[in-house]
Amino acid sequence: NAGVTQTPKFQVLKTGQSMTLQCAQDMNHEYMSWYRQDPGMGLRLIHYSVGAGITDQGEVPNGYNVSRSTTEDFPLRLLSAAPSQTSVYFCASSSVDANTGELFFGEGSRLTVL
Amino acid sequence: LAKTTQPISMDSYEGQEVNITCSHNNIATNDYITWYQQFPSQGPRFIIQGYKTKVTNEVASLFIPADRKSSTLSLPRVSLSDTAVYYCLVVGNTGFQKLVFGTGTRLLVSP
């Protein structure tokens with residue numbers, strides 16, 4: 001059981017470049033989300049989705065786009081990378097019906113913007 | 001969403017019991033308390049969840065007093081591998097939409 005898979009694990013970008021962080025889950029979870037974690041800090045919610053075709057903003061959505069065309073995939077797009085977006089990005093998923101606070105996280109994608 | 005407050009860091013030694021307390025004064029009637037553990041370079045991992053009184057699983061115990069304005073995560077006989085950051089979250093009846101992770105409690109277990 002793969003769980004939540006994030007790719008790539010590491011990425012270096014130049015300022016102004018764009019890229020997409022991929023997230024896929026094989027647990028048929030309705031809820032998916034993206035967090036970023038800066039050094040020594042907690043996680044901050046970027047965007048989330050409660051099902052295919054439905055997305056909403058979290059705490060820090062600026063500079064990021066998401067879409068949810070399938071239940072399995074929830075890509076995060078950086079439109080024009082900035083050094084302030086250097087961070088570790090975590091994707092998470094959960095079942096809405098489970099009525100618990102249990103989120104399943106991926107292993108993270110470490111992004112450096114030069 | 002209820003705001004949580006927990007200590008920034010704690011130190012312990014192997015074999016000791018560690019109790020991490022979290023304050024959530026404005027918890028709502030339908031909210032429940034959830035704890036996560038995060039090791040360096042990994043995503044957070046769900047540990048335990050409770051609504052009131054005491055919950056125990058193979059990893060930890062969670063104590064919640066009657067007024068539910070605080071909760072205590074108890075880790076029995078910690079080992080070096082319990083060194084991690086522990087997050088306390090309050091989850092409302094809207095589920096985990098906009099679930100907020102604070103800075104957590106950094107636990108360091110020494111030999």
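Throughout, a chain's letter reflects where its sequence line sits, starting with A, and its residues are numbered from 1. Everything numeric in this text was worked out from a predicted model, so none of it was measured.
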Heavy-atom contact with chain B under 4.5 Å, split by part of R44(A):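 Nothing of R44(A), per the 4.5 Å heavy-atom cut-off to chain B.
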
Q6(A), part contacting chain B, at a heavy-atom distance under 4.5 Å: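 Nothing of Q6(A), per the 4.5 Å heavy-atom cut-off to chain B.
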
Connected via hydrophobic side-chain network under 4.5 Å: [X] and [Y]:
X: F74(A); Y: Y31(A); answer: no
X: I47(B); Y: V109(B); answer: yes
X: V18(B); Y: Y86(B); answer: yes

Straight-line distance of [X] [atom1] to [Y] [atom2], nearest 0.5 Å:
X: E102(A); Y: Q49(B); atom1: CD; atom2: CD; result: 8.5 Å
X: Q37(A); Y: S41(B); atom1: CD; atom2: OG; result: 9.5 Å
X: L43(A); Y: Y36(B); atom1: CG; atom2: OH; result: 10.5 Å
X: F105(A); Y: Q42(B); atom1: CZ; atom2: CD; result: 12.5 Å
X: M41(A); Y: T103(B); atom1: CE; atom2: OG1; result: 7.5 Å

Neighbour count above 12 (heavy atom, 6.0 Å) for [X] [atom1]:
X: Y13(B); atom1: OH; answer: no
X: E107(A); atom1: CD; answer: no
X: I8(B); atom1: CD1; answer: no

Check: Y87(B) side chain, G42(A) main-chain N or O, donor-acceptor pair, under 3.5 Å: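 No, Y87(B) side chain to G42(A) backbone: no donor-acceptor pair under 3.5 Å.
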
